[in-house]
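First comes the structure, then the notes that go with it.
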Protein chains: 2
Amino acid sequence: MTTATPAAGSRDLPHPVREDIRLEAVLHALSDPMRLQIVRELAAERTELTCSQFVLPVTKSTSTHHFRVLREAGVIRQCYRGTAKMNGLRRDDLDDLFPGLLDALLAAAARQAARLGG
Amino acid sequence: MTTATPAAGSRDLPHPVREDIRLEAVLHALSDPMRLQIVRELAAERTELTCSQFVLPVTKSTSTHHFRVLREAGVIRQCYRGTAKMNGLRRDDLDDLFPGLLDALLAAAARQAARLGG
DNA sequence: CTCTTCGTACGATAAACATCGTAGTACGCT
DNA sequence: AGCGTACTACGATGTTTATCGTACGAAGAG
């Protein structure tokens, strides 16, 4: 336990490196309402969240799918912490690649939510 | 004729009104490389362009499809001028709904193109 | 009227996608 | 070891999507 082994339990997840993140993939990932919601919550809380902390109107299989799309697009970073899977926004990478984009997207989403939701 | 009839030649095209433009639809429309390219060119030239001024590596049917997706998402506005179909960015509507988003997207696309293309 | 140019409509097709359910694996706790 | 929690893997399904080809319509030039 508490061994800082490289493999860290052999439960690593594949992420694209920063240079491989493609704008089209990011936009596609965010074009799904469920995934956009996930990213909004993740940005609101400034910390990492477990998958189960999101209340989504779909089954767990579907949630897994959406989280994976976000990860493979380079929008979030996932890692295991015990049995829980932590999710964090890749804000540093996104801000470096596309300065201002993430904030503009979050602002647009917030604005639309405010307009439609009340 | 030159009659300013309401139908205007019965060649009108359906556009969503500003309030009906959805962020998810815009992101989805721009998540296709072909369509992102179209929007980039449209933004670069500050004027309206005909469909045939775009050189796209697909057939005309497919082009028609992509232009329609962009129009139905509210990203571009289309109208006929003679036999040509003019395309213009709906910058006013997009800037009103999502201030700063379009510019952030275009900047991100330009940055990525610069990074990958040279 | 005819011809050409520009774009559409429709049908087909293959791929991708969102969703589910079931069965299974990994980890922590007792 | 045994149990419960958290998430995954796989297969199925119905929908959407990107693409094409062919045939068609609308407008302008001769």
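Chain A is the first sequence line, chain B the second, and so forth, proteins listed ahead of strands; every chain is numbered from 1.
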Nearest whole Å is fine: how far is [N] [atom2] from [X] [atom1]?
| X | N | atom1 | atom2 | value |
| --- | --- | --- | --- | --- |
| A:Y80 | C:dG28 | OH | P | 13 Å |
| B:F54 | C:dG7 | CZ | P | 10 Å |
| B:L70 | D:dA18 | CG | C1' | 14 Å |
| A:L13 | C:dA26 | CG | C1' | 12 Å |
| B:R68 | C:dC10 | CZ | C1' | 11 Å |
| B:L49 | C:dC6 | CG | C1' | 15 Å |
| B:R81 | D:dG28 | CZ | P | 12 Å |

Distance-only polar pair, side chains of B:T62 and B:T59, donor-acceptor under 3.5 Å: yes
Any side-chain donor near an acceptor of the partner, A:E24 and B:Q112, under 3.5 Å: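 Looking only at side-chain atoms, B:Q112 and A:E24 do form a donor-acceptor pair, the distance falling under 3.5 Å.
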Letter per nucleotide, 5' to 3', of nucleotides 15-22 of chain C [B base touched, S only sugar-phosphate touched, - untouched; heavy atoms, 4.0 Å]: --SSBBBB
Any residue meeting side-chain contact (heavy atoms from CB on, under 4.5 Å) with A:R46, in chain and number order, not counting sequence neighbours: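 None.
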Partner of B:V39 by side chain to side chain contact (heavy atoms under 4.5 Å, CB included), out of B:L105, B:L30, B:N87: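 Of all the options given, the one that passes is B:L30.
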Selection from D:dC7, D:dG28, C:dG7 that lies nearest to any side-chain heavy atom of A:S52: D:dC7
Shortest side-chain distance from A:A84, nucleotide among C:dG7, D:dA9, D:dA6: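 For the A:A84 side chain, the nearest candidate turns out to be D:dA6.
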Salt bridge B:R77-B:E48, side-chain N to carboxylate O under 4.0 Å: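 No, B:R77 and B:E48 are not salt-bridged.
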Carboxylate-amine/guanidinium proximity below 4.0 Å for A:R91 and A:D103: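 Yes, this pair counts.
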Sugar-phosphate, base or nothing in reach of A:F67, heavy atoms under 4.0 Å: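 Nothing, no nucleic acid heavy atom in range.
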Sugar-phosphate, base or nothing in reach of A:T50, heavy atoms under 4.0 Å: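 A:T50: backbone/sugar contact only, no base atoms under 4.0 Å.
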Connected via hydrophobic side-chain network under 4.5 Å: A:M34 and A:L89: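 Yes; A:L89 is reachable from A:M34 via cluster members.
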